[in-house]
Peer 1: 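Quick one: the structure is below, questions incoming.
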Amino acid sequence: TPALWRELEQQERILFRFTEDQVQMLSLLSEHKRAAVQGVAGSGKTQLALAKARDFADQGLRVLLLCYNRMLGDWLAEQTTGYTNKIVATNYHRLAREWCARAKVPFNATPSDDDAFWITEAAQRFENAIERLENERFDAVVVDEGQDFHSSWWDSVEWLNRNLSDGRLYVFYDPSQRLQYPQDQTLPRLGNPFVLPCNCRNTRRISSLCSSSIGREIKMKPGAPEGQEPEICIAETPEAQKQAVRLCLKGWLSGTGGLSKKQIAILSPTALAQSSLRNVASLAGIPLTDDPSVWRSGQAVL
């Protein structure tokens, strides 16, 4: 039986090459100052957004790389540390808060604030701050997770461009991954989207399971690794769930498994405080964490 770590290593090499191939697509868009790129899950949109931000920066431009999710914003910032003063990578509401603070525009948001504040009022205050800090605008803006940006936010995104009428703007998005707002969200005027139809980040068997779950075929690139058959285990009680996870971790991290802690993540439909693993610091002697930075350093399973 081949070691699991070796099998995954071989799969990762193939999938990494696929993602690198996707990045080459950006050369086809080099003459476009503005573009919308629509891609299915696993098509490498975030890697493309990162590559486009670096491309703009290499041209001597000051770039904003913007997303919705706070943890993704943190990761993008880590990936652009070599572009200090050239790329600002963050998430939308954090940037809004920071600019409002510098422009002395009130932004006294709390976690209990209702959606009305985060959807419309925060954007309006952000626009006021941008007007006051107009000299700090960017030469180019790249947006990831564009499907989760509310329509009312795009004015502020456009105003962050020095060229208000035709600024450089790339938006990467997937309508099928919309998590925040159920209604269709309009994008800025970017023309017809360029489409990435293939998942290049997963094995065929994982993709097949996802296809059957959503009732729609997910295209794969020729040569994609087959992978192992996903296992479905029914564990109806919190204790049974903990035992199931414990067995998985022992198998993956020891013996022929040989994975590292940073290769494993445990997903839950709820926050950790409401999950069956709340107050569990370790399983089978394996430390657990809800801090992505601790996980990425290899100290614990996420």
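What's counted below: heavy atoms across the whole structure, side chains too, no hydrogens, waters or symmetry copies. The first residue of the sequence shown is numbered 1, and numbering continues consecutively from there.
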Peer 1: Would you say L48 and Y170 make side-chain contact, with heavy atoms under 4.5 Å?
Peer 2: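 No. Closest side-chain heavy atoms not under 4.5 Å.
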Peer 1: List the steps and the verdict of side chain to side chain donor-acceptor pair (under 3.5 Å) for T90 and R70.
Peer 2: CA-CA 7 Å; T90 187; R70 177 178 56 82; over 6 Å; no
Peer 1: So, K45 and D144, do they make that salt bridge, N to O below 4.0 Å?
Peer 2: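 So K45 does not pair with D144 through a salt bridge.
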Peer 1: Given side chains that start at C-beta, do those of V195 and V37 come closer than 4.5 Å, heavy atoms only?
Peer 2: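 Counting from C-beta outward, V195 and V37 never come under 4.5 Å.
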Peer 1: Answer whether the closest heavy-atom distance between the side chains of V63 and V88 falls below 4.5 Å.
Peer 2: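 A side-chain contact under 4.5 Å is absent here.
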Peer 1: Answer yes or no: is there a side-chain heavy-atom contact under 4.5 Å between L253 and I286?
Peer 2: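 Side chain of L253 against side chain of I286, heavy atoms only: contact under 4.5 Å found.
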Peer 1: Before giving the answer on side chain to side chain contact (heavy atoms under 4.5 Å, CB included), spell out for L76 and C67 the whole-Å C-alpha distance, their side-chain angles and the decisive distance to 0.1 Å.
Peer 2: CA-CA 9 Å; L76 291 173; C67 65; 4.1 Å; yes
Peer 1: Over all heavy atoms of both residues, which pair between A57 and I87 is shortest? Give the atoms and the distance, please.
Peer 2: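 It is CB-CG1, 3.8 Å.
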Peer 1: So, applying ring pair (Phe, Tyr, Trp, His ring centres under 6.0 Å) with H93, which one of F149, F126, W118, F107 is it?
Peer 2: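 Among the candidates, only W118 passes.
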Peer 1: What pair of heavy atoms forms the shortest contact from P230 to L209, and how long is it?
Peer 2: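 Heavy atoms only, the tightest pair is CB-CD2, 3.8 Å.
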Peer 1: Run L283 and L277 through side chain to side chain contact (heavy atoms under 4.5 Å, CB included) and show every step you take.
Peer 2: CA-CA 9 Å; L283 281 174; L277 295 181; 3.9 Å; yes
Peer 1: Any side-chain heavy-atom pair from W75 and R296 closer than 4.5 angstrom?
Peer 2: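 Yes - at least one pair of side-chain heavy atoms lies under 4.5 Å apart.
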Peer 1: Please find the pair of heavy atoms, one from R189 and one from R34, that lie closest to each other, and give the distance.
Peer 2: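 What the structure gives for the nearest pair is O-NH2, 3.3 Å.
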Peer 1: Is there a donor-acceptor contact under 3.5 Å linking the side chains of S293 and D291?
Peer 2: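 Yes, side-chain donor-acceptor contact under 3.5 Å.
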Peer 1: With a 3.5 Å cut-off and no angle check, do the side chains of N163 and D166 form a donor-acceptor pair?
Peer 2: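 The answer is no; no qualifying pair exists.
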Peer 1: Give me the atom names and distance for the closest heavy-atom approach of A89 to T80.
Peer 2: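 Residues A89 and T80, closest heavy atoms: CB-OG1, 3.8 Å.
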Peer 1: Please test I264 against L259 for side chain to side chain contact (heavy atoms under 4.5 Å, CB included), starting from the C-alpha separation and ending with a verdict.
Peer 2: CA-CA 8 Å; I264 300 173; L259 301 186; 4.2 Å; yes
Peer 1: Is it the case that atom CD in E31 sees more than 12 heavy atoms from other parts of the structure closer than 6.0 Å?
Peer 2: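 Counting other residues, nucleotides and ligands, CD of E31 stays at 12 neighbours or fewer.
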Peer 1: Check the hydrophobic clustering (I, L, V, M, F, W, Y; side-chain heavy atoms under 4.5 Å; chains of links allowed) and say if L133 and V105 are grouped together.
Peer 2: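 Result: no, two separate clusters.
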Peer 1: Quick check on K33: does its NZ atom have over 12 non-hydrogen neighbours (other residues, nucleotides or ligands) under 6.0 Å away?
Peer 2: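 Yes.
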Peer 1: Do V141 and R168 have side-chain heavy atoms sitting under 4.5 Å apart?
Peer 2: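 V141 vs R168: side chains apart.
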Peer 1: Would you compute the distance between atom CD1 of I130 and atom CZ of R132 and round it to the nearest 0.5 angstrom?
Peer 2: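 Those atoms lie 12.5 Å apart.
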Peer 1: Do you know which two heavy atoms are closest between S156 and Y92, and how far apart they sit?
Peer 2: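 Answer, listing the atom of S156 first, then Y92: OG-OH, 2.7 Å.
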Peer 1: Within a radius of less than 6.0 Å around NZ of K250, do more than 12 heavy atoms belonging to other residues, nucleotides or ligands occur?
Peer 2: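 Not buried by this count: 12 neighbours or fewer within 6.0 Å.
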Peer 1: Does a donor on one side chain sit under 3.5 Å from an acceptor on the other, for Q147 and Q38?
Peer 2: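 Judged by distance alone, the side chains do not pair up.
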Peer 1: Please evaluate residues Q241 and E236 with respect to the criterion side chain to side chain donor-acceptor pair (under 3.5 Å), reporting the C-alpha separation (whole Å), side-chain torsions for both, the decisive distance (0.1 Å), and the verdict.
Peer 2: CA-CA 7 Å; Q241 290 170 18; E236 296 182 346; over 6 Å; no
Peer 1: Could you walk me through whether T289 and Q299 satisfy the side chain to side chain contact (heavy atoms under 4.5 Å, CB included) test, starting with their C-alpha distance in whole Å, then the side-chain angles of each, then the deciding distance to 0.1 Å, before giving a yes or no?
Peer 2: CA-CA 9 Å; T289 183; Q299 300 176 55; over 6 Å; no
Peer 1: Output all residues satisfying salt bridge (charged side-chain N to carboxylate O under 4.0 Å, His left out) with R201, sequence neighbours left out; order by chain, then residue number.
Peer 2: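 Salt bridge (charged side-chain N to carboxylate O under 4.0 Å, His left out) list for R201, sorted by chain: empty.
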Peer 1: Determine, for R162 against D139, whether the closest basic-nitrogen to carboxylate-oxygen distance falls under 4.0 angstrom.
Peer 2: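 Answer for the salt bridge query: yes.
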Peer 1: Please answer: with hydrophobic residues joined when any side-chain heavy atoms are less than 4.5 Å apart, are Y83 and L72 in the same cluster?
Peer 2: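 The answer is yes; both residues are in one hydrophobic cluster.
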Peer 1: Mind checking whether I214 and L196 sit in one hydrophobic cluster, side chains of I, L, V, M, F, W, Y counted as touching below 4.5 Å?
Peer 2: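 Different clusters.
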Peer 1: Side-chain contact, heavy-atom cut-off 4.5 Å: R13 with Q10?
Peer 2: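 They are in side-chain contact.
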Peer 1: In terms of side-chain heavy atoms, does T186 have a donor or acceptor partner in S151 at a distance below 3.5 Å?
Peer 2: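 There is such a pair between these side chains.
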Peer 1: Does the distance from a Lys or Arg side-chain N to an Asp or Glu carboxylate O, for D290 and R278, drop under 4.0 Å?
Peer 2: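 Not counted as a salt bridge, because no side-chain N and carboxylate O are separated by less than 4.0 Å.
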Peer 1: Can you list, by chain and residue number, the hydrophobic cluster partners of L302 when the side-chain cut-off is 4.5 Å?
Peer 2: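 Noted: L302 shares its cluster with W295.
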Peer 1: Heavy atoms, side chains only, cut-off 4.5 Å: are Y173 and E145 in contact?
Peer 2: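 Y173 vs E145: side chains apart.
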Peer 1: Ignoring hydrogens and angles, state whether a donor on the side chain of R246 or Q243 is under 3.5 Å from an acceptor on the partner side chain.
Peer 2: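 Distance-only check passes for R246 and Q243.
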Peer 1: Looking at W159 and R137, what are the two nearest heavy atoms and their distance?
Peer 2: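 Nearest pair, atom of W159 first, then R137: O-NE, 2.6 Å.
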Peer 1: Return yes when atom CH2 of W99 has more than 12 non-hydrogen atoms of other residues, nucleotides or ligands closer than 6.0 Å, and no otherwise.
Peer 2: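 Counting neighbours around CH2 of W99, more than 12 heavy atoms of other residues, nucleotides or ligands fall under 6.0 Å, so yes.
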Peer 1: Taking only residues two or more places apart in sequence, or in another chain, which ones meet E98 in a side chain to side chain donor-acceptor pair (under 3.5 Å)?
Peer 2: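 E98: no side chain to side chain donor-acceptor pair (under 3.5 Å) contacts found.
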